[in-house]
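As structure tokens, the structure follows; a few thoughts come after it.
Small disclaimer: the values here were computed from a predicted structure and weren't measured. In what follows, chains carry the letters A, B, and so on, assigned in the order in which the sequence lines appear, proteins first and then strands, with residues in each chain numbered from 1. Computed over heavy atoms, backbone and side chain alike; hydrogens, waters and symmetry mates excluded.
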There are 2 protein chains.
Amino acid sequence: MSSDRKSPTMSDVARKAGVSAMTVSRALKADSVISPETRSAILTAAEELGYIFHATASNLRSQKTDFVAVTIPSINNANFADTVAGLSEILSGRNMQTLLGYTNYDMDVEEQLIEQLLRRNPQAIVVTGGRHTPRARRLLENARIPVVETWDVPDQPIGHYVGFSNADAVRAMVDHFVSVGYKRIAFIGGDQGRDTRGSDRRRGFVAAMKAHGHDDIRLIAAGAPPISMREGADAMARLLQEYPDTKVVICVSDLSAFGALTECQRRGIVVPDQIAIGGFGNYEISGVCVPSLTTIDAHSREIGRRTGSLILDLLNGASGSMQVNIEPGLIIRQSSL
Amino acid sequence: MSSDRKSPTMSDVARKAGVSAMTVSRALKADSVISPETRSAILTAAEELGYIFHATASNLRSQKTDFVAVTIPSINNANFADTVAGLSEILSGRNMQTLLGYTNYDMDVEEQLIEQLLRRNPQAIVVTGGRHTPRARRLLENARIPVVETWDVPDQPIGHYVGFSNADAVRAMVDHFVSVGYKRIAFIGGDQGRDTRGSDRRRGFVAAMKAHGHDDIRLIAAGAPPISMREGADAMARLLQEYPDTKVVICVSDLSAFGALTECQRRGIVVPDQIAIGGFGNYEISGVCVPSLTTIDAHSREIGRRTGSLILDLLNGASGSMQVNIEPGLIIRQSSL
DNA sequence: ATGAAAGCGCTAACAA
DNA sequence: TTGTTAGCGCTTTCAT
């Protein structure tokens, strides 16, 4: 609380240290030319006054900020958290921050969020997914900063992208199950258009099944994203009722896959002996639960790191449209052995 | 990408609409007095130019921002995510944003983060926990904005707090186990001072055991926070080796509790018949897994909501030191029945 | 190595 | 209802 007067500015520090405001500005930058004595006197004065650097004024005058804006669907998702961590890891090496916003898997929220973020003048913007509202797309196209789409391979990239095909990833899992002799394969989730990654995965499932000549497509809806463990369990219950002879179920994420597993446990259905389960995302739980879950690793952290390097390159003057494809990995575990 | 010229400013919009910059400024504020025709002409001009409002300049001139800064230990934790969601829910009603940063459970990182956030002039700052480095404490004390500490009952509150006693919450769980006749109770986690909430929980465990005359205190370390499911499983393995006759284990969080449960499953140890398990946090998994886990609900979302209302009150001129205690709830589930 | 003047894009304050 | 002037706190630019 202390005093109720205004916060001290550089001029206040300058007065106290007996120098000009410009010299204070220089003293606070690591790389500028200034005598060691002057600098230490200024730093002491600043500390004594409780001076806090005013980033807003600095940003306005220098016409640049020190952060990159990022939109992710959910703040509470280990996959997206890993991507952000990878991105921050790279950017922090250049003293850049990450300004985070979440869309709650809603494209309209994403549109508003993108506008909010652009108003703060980020040096670059990273969005999750390759589909957006028309206005969001326009905002991104008109932004005079690098735009990177992630976690997808956009049909028409706005600028750059670092991602993978959700459809192809699931297709690879279906191919695996078919190749080891499984039949009567079902898919849980991805029914709402809102989460394009989820519906892409479902689309990949359907395409793969048809490619293998399986016309018996078993789809179970699981509601709006994010699909919870509980919704996965409920969907499993419906699957067992509608298609009791199903031998494999692929779930839109590891969380719903775990929920499905628990439903089997409650009913005394043995996994994988009676039914095999596959998930998506390689969340920690899929490697720890009993039995452990077969899944797809999207290399979330690597997506973030590659995005970070890409942005640094672009800010350093690199040009051209960068398209980075990350190959997801199939991890076979106990739930399908 | 479009043109490489500068971004349009209010003056550009004003010229195009044939009005002054000030009128444009008014047109973009929802509540200002301006004729409908002028406003719509201005909005059209702005849209055609692809004008983006420059929040930095606005913030500098008006000496205020539209956001509240928040520090949480981890971006990928459902409890803290719920608190942030509750806070955002309240603040968004007043068109305020949340500027989020995470400390990775490290007080030194927290100190740097607090300084970074204060440089951007938030209208208030919310921190997780009631203990900080001396410098972080000083920064918060000198900040001329409301400071709210959460998820704890600070010994010496800096400004306001919305929280609960982690020690008391675990004490209540121990009391419950003792009251239903359990003996030989152990605790996993909370050994590193870094995560003060974890060590407070452990402290509460020790205090409760002593209060009940149990001198046989069984503590198993689980490493640095955040304690993962895997670390919970490893700690359980060590517990079974060191104290094989343990009848109850309380874990520092539901995630480590679930890990401990899986270790029992891998070894054919039946929960709760051979050993009961308790967690902390009421994460979704604790209600879904088989058997479901007894836990403590800290009312994470409510903490966020109460914090939000508190901040709005303070920004509206309320004074005094607000101390809000949230009572955690004990949830008994299959793992201890 | 340091200082003086100007101005980044908005909006408070006042005027019309 | 709309316009004019000044200035928020910094840093660019140029000078010494």
Side-chain angles (χ1 to χ4, degrees), chain A residues 5-43 45-46 49-67 95 115-116 118-123 144, chain B residues 5-43 45-46 49-67 95 116 118-123 144-145:
Chain A
R5 316 228 9 265
K6 297 186 46 185
S7 293
T9 70
M10 274 193 184
S11 303
D12 297 319
V13 178
R15 197 172 311 116
K16 177 150 184 150
V19 295
S20 72
M22 193 56 233
T23 303
V24 175
S25 176
R26 292 193 181 101
L28 298 177
K29 299 255 162 258
D31 53 347
S32 52
V33 279
I34 189 170
S35 82
E37 309 84 60
T38 310
R39 167 170 279 148
S40 75
I42 289 171
L43 293 180
L49 287 174
Y51 172 73
I52 296 282
F53 181 83
H54 200 302
T56 307
S58 170
N59 292 340
L60 176 61
R61 181 59 183 100
S62 62
Q63 293 292 75
K64 65 181 185 201
T65 55
D66 57 351
F67 63 88
N95 276 317
E115 183 164 19
Q116 291 293 334
L118 290 178
R119 283 164 164 241
R120 300 194 198 283
N121 292 340
Q123 296 296 95
R144 289 137 206 271
Chain B
R5 316 225 10 265
K6 295 186 47 183
S7 294
T9 69
M10 273 192 184
S11 304
D12 298 320
V13 178
R15 196 172 312 115
K16 177 150 184 152
V19 296
S20 72
M22 193 60 234
T23 303
V24 175
S25 175
R26 293 195 180 101
L28 300 178
K29 299 255 162 256
D31 53 347
S32 52
V33 280
I34 189 169
S35 83
E37 310 84 59
T38 312
R39 166 170 278 147
S40 76
I42 288 171
L43 293 181
L49 287 175
Y51 171 74
I52 297 283
F53 181 82
H54 200 300
T56 307
S58 170
N59 292 340
L60 177 61
R61 180 59 181 103
S62 62
Q63 293 292 73
K64 66 181 185 199
T65 54
D66 57 352
F67 62 88
N95 275 318
Q116 292 294 334
L118 290 178
R119 284 164 163 239
R120 300 196 197 283
N121 293 339
Q123 296 296 95
R144 288 137 208 271
I145 52 175

Identify each atom pair where a protein N or O and an N or O of nucleotides 13-16 of chain D are less than 3.5 Å apart, giving names and distance.
none

Establish, with yes or no, whether the OP1 or OP2 oxygen of dG9(C) is under 4.0 angstrom from a side-chain nitrogen or oxygen of Lys6(B).
-> yes
When all nucleic acid strands are considered with a 4.0 Å heavy-atom cut-off, which category describes Ile34(A): base, sugar-phosphate, or nothing?
-> sugar-phosphate
Please state whether the phosphate of dT11(C), meaning OP1 or OP2, lies under 4.0 angstrom from any side-chain nitrogen or oxygen of Lys64(B).
-> no
Report yes if at least one side-chain N or O of Gln63(B) is closer than 4.0 Å to OP1 or OP2 of dA12(C); otherwise report no.
-> no
Can you tell me how far P of dG9(D) sits from CD1 of Ile52(A), to the nearest Å?
-> 15 Å
From CG of Asp31(A) across to P of dT11(D) the rounded distance in Å is 12 Å
Near-strand residues of residues 8-17 of chain B, defined as heavy-atom separation under 4.0 angstrom from DNA chain C | Thr9(B), Met10(B)
Should Ser35(A) be listed as having a side-chain N or O under 4.0 Å from OP1 or OP2 of dT2(C)?
-> yes
Side-chain donor or acceptor of Gln123(A) paired with backbone N/O of Thr65(A) under 3.5 Å = yes
Starting from P on dC10(C), measure out to CG on Asp66(B) and report it in whole angstrom.
-> 15 Å
Asn59(B) CG to dG7(D) C1', straight-line distance once rounded to whole Å | 16 Å
Has Thr23(A) got a side-chain N or O lying under 4.0 Å from the OP1 or OP2 atom of dG3(C)?
-> yes
Identify which one of Val24(A), Leu28(A), Ile42(A), Leu43(A) satisfies the side-chain contact (heavy atoms from CB on, under 4.5 Å) criterion when paired with Tyr51(A).
-> Leu28(A)
Taking OP1 and OP2 of dC10(C), is either one under 4.0 Å from a side-chain nitrogen or oxygen of Tyr51(B)?
-> yes
With heavy atoms under 4.0 Å as the rule, sort Thr38(B) into base, sugar-phosphate or nothing.
-> sugar-phosphate
When the nearest nucleotide of DNA chain D is assigned to Ser20(B) and to Ser25(A) on a heavy-atom basis, which residue is associated with the more 5' position?
-> Ser20(B)
How long is the line joining NZ of Lys29(A) and P of dC10(D), in whole Å?
-> 11 Å
Please give, in whole Å, the distance from dC10(C) C1' to Arg120(A) CZ?
-> 15 Å
Once you round it to whole Å, what is the distance between P of dT11(C) and CG of Leu60(A)?
-> 12 Å
